[in-house]
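Scroll down for the structure; my scribbles are underneath it.
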Amino acid sequence: MLTNLNINPQRLWDSLMETAKFGGTVKGGIKRLTLSDEDKKVRDWFKAQCEALGCTVTVDEVGNMFAVRPGRNNELPPIAMGSHLDTQPTGGKFDGVLGVLGALEAMRTMHEQGYETNAPVEIVNWTNEEGSRYAPAMLASGVFAGVFTPQYAYERTDRDGVTFLDELERIGYRGVEKAGAHKFQAMFELHIEQGPILEDEKKMIGVVTGVQGMRWYEVTVTGQDAHTGATPMYLRKNALLGAARIIEAVDAVGQKHQPGVATVGLIENKPNSRNVVPGEVFFTIDLRHPDEEVLEVMEKEFRAALEDILPAMKLIYDEKRIWNSPAVKFAPELIECVEHGAEKAGFAMRKMVSGAGHDAAYIARVAPTTMIFVPCEGGLSHNEGESTSFDECAAGAQVLLNAVIEHDRRLA
Ligand SMILES: [Zn+2]
């Protein structure tokens with residue numbers, strides 16, 4: 001059995017540059033909206049490349065593509081590697097694309113070396129990760145994970161009123177297989193970090209342990225508008241003062257529960273006049289933490305602060321949680337495979353939690369999943385100037401291959 005498989009960095013880079021032409025922009029980015037003609041072109045290209053390696057390519061009812069390479073034991077569910085080929089309207093060349101083409105490079109390397117895995121190995125291209133043409137983001141991986149129904153996806157419309165279903169059929173990528181019916185035993189998603197940490201710490205690989213949870217709230221504090229000159233201090237119901245004390249309390253919650261973060265980023269003071277005691281204030285709260293239980297505690301503490309501070313000041317308040325995106329913890333055994341894979345290749349790494357959403361966050365609900373991050377210049381993404389170097393792309397694909405092989409060996 002071969003023990004060292006090395007990906008071909010030039011071949012990977014050439015594929016990145018070749019597919020960047022499908023929707024390429026003058027500023028060097030890509031505009032490849034989901035289910036557009038450009039998306040069809042890159043899908044056709046991807047399918048042909050996988051078939052040339054002896055893979056069988058299937059498509060499910062929401063257009064997710066699966067390219068399977070058989071293993072020794074095809075009773076075992078495949079080991080998946082995947083991300084997305086769609087981009088933002090002014091997207092870069094690496095967001096999502098690196099995850100699919102890095103997987104293709106890993107597959108090509110195994111094929112070229114005649115490396116036989118125990119389980120089948122496959123590449124997945126998830127439909128509409130970006131959500132810029134059809135909101136919400138991560139739509140088809142969400143359908144796959146049972147978060148949305150296929151019908152819900154079909155009915156999404158773009159700005160021109162064209163439905164997801166019409167476009168899916170038009171480009172010929174509405175498959176027959178039920179979304180979610182295609183089983184795999186693990187999924188590894190290689191992705192650019194989209195943040196500044198790896199670059200700042202000069203680390204090549206981010207071993208991603210999860211995706212942080214996020215909760216958004218809206219609060220309205222009501223007191224009473226009153227004349228600043230004629231209303232004595234002891235008779236005031238100052239909504240802005242109440243909000244100020246809550247903002248301090250929210251910050252204290254974040255300080256106490258680091259690496260969690262707590263922010264009031266938007267505030268509207270009424271009537272916002274220099275000689276009126278403010279009678280009403282609206283503000284937002286954004287709480288985030290990698291651990292759902294801690295997030296729960298953070299929520300309790302900020303609500304307790306509302307209860308302690310505001311009624312005592314003769315202020316009333318209204319509070320609503322308007323968004324809840326649960327924290328995701330990736331599979332420890334897969335995280336270990338990534339760590340070993342990076343170690344074996346000799347790359348500096350750090351564990352980290354993703355601040356952004358990814359297909360992997362939904363897939364983690366139905367199968368063991370993890371992610372590998374590589375740096376991107378200045379942390380810049382969703383931008384035509386998005387840049388990940390030749391070496392960084394190669395490092396990511398190598399660690400992806402190493403991790404898949406390690407996981408596969410454990411099946412023997
Ligand atoms: Zn992405």
Side-chain angles (χ1 to χ4, degrees), residues 12 15-16 19-20 22-25 28-36 38-39 42-43 46 62-65 80-105 123-145 147 187-199 205-206 208 210-212 214 325 328 330 338 352-364 369-388 392-393 396-397 399-400:
L12 169 61
S15 290
L16 285 162
T19 55
F22 303 123
T25 64
I30 304 180
K31 178 184 180 179
R32 195 159 62 217
L33 297 180
T34 196
L35 310 184
S36 62
E38 291 74 28
D39 189 19
V42 77
R43 284 167 175 265
F46 169 67
V62 286
N64 294 320
M65 299 173 72
M81 311 176 271
S83 196
H84 58 97
L85 290 171
D86 69 324
T87 76
Q88 289 284 325
T90 52
K93 288 199 279 285
F94 305 96
D95 175 359
V97 186
L98 178 62
V100 178
L101 299 188
L104 178 63
E105 179 50 41
I123 310 172
V124 190
N125 172 33
W126 300 108
T127 302
N128 189 30
E129 191 277 342
E130 294 292 357
S132 56
R133 185 176 184 196
Y134 295 106
M138 301 170 281
L139 184 63
S141 56
V143 175
F144 187 91
V147 178
M187 187 182 84
F188 294 88
E189 180 170 4
L190 166 64
H191 207 281
I192 57 169
E193 180 196 349
Q194 301 179 287
I197 299 170
L198 291 174
E199 186 183 58
I205 297 293
V208 189
V211 182
Q212 71 180 349
M214 188 176 348
S325 172
V328 176
F330 288 142
V338 172
M352 59 197 303
V353 170
S354 174
H358 292 287
D359 291 314
Y362 280 149
I363 300 310
T369 302
T370 198
M371 295 189 76
I372 303 162
F373 278 173
V374 290
C376 57
E377 201 182 302
L380 196 68
S381 178
H382 287 190
N383 186 305
E384 289 164 286
E386 185 183 277
S387 175
T388 292
E392 289 160 347
C393 290
V399 173
L400 176 65

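All ligand and atom numbering here is 1-based and tracks the order in the structure. Computed over heavy atoms, backbone and side chain alike; hydrogens, waters and symmetry mates excluded.
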Which value, rounded to the nearest 0.5 Å, describes the distance between N64 atom CG and S141 atom OG? 7.0 Å

Pair S83, E189: side-chain N/O donor-acceptor within cut-off below 3.5 Å: yes

Taking 2.8 Å as the cut-off, does D95 contribute an N, O or S atom near the Zn ion (ligand 1), distance below it? yes

Quick one: report the N, O or S atom of H191 that is nearest to the Zn ion (ligand 1). NE2

Any side-chain donor paired with an acceptor under 3.5 Å for D95 and H191? yes

Closest contact, heavy atoms only, L98 versus V374: CD2-CG2, 3.6 Å

Taking the Zn ion (ligand 1) as the reference point, name the nearest N/O/S atom of H84. NE2

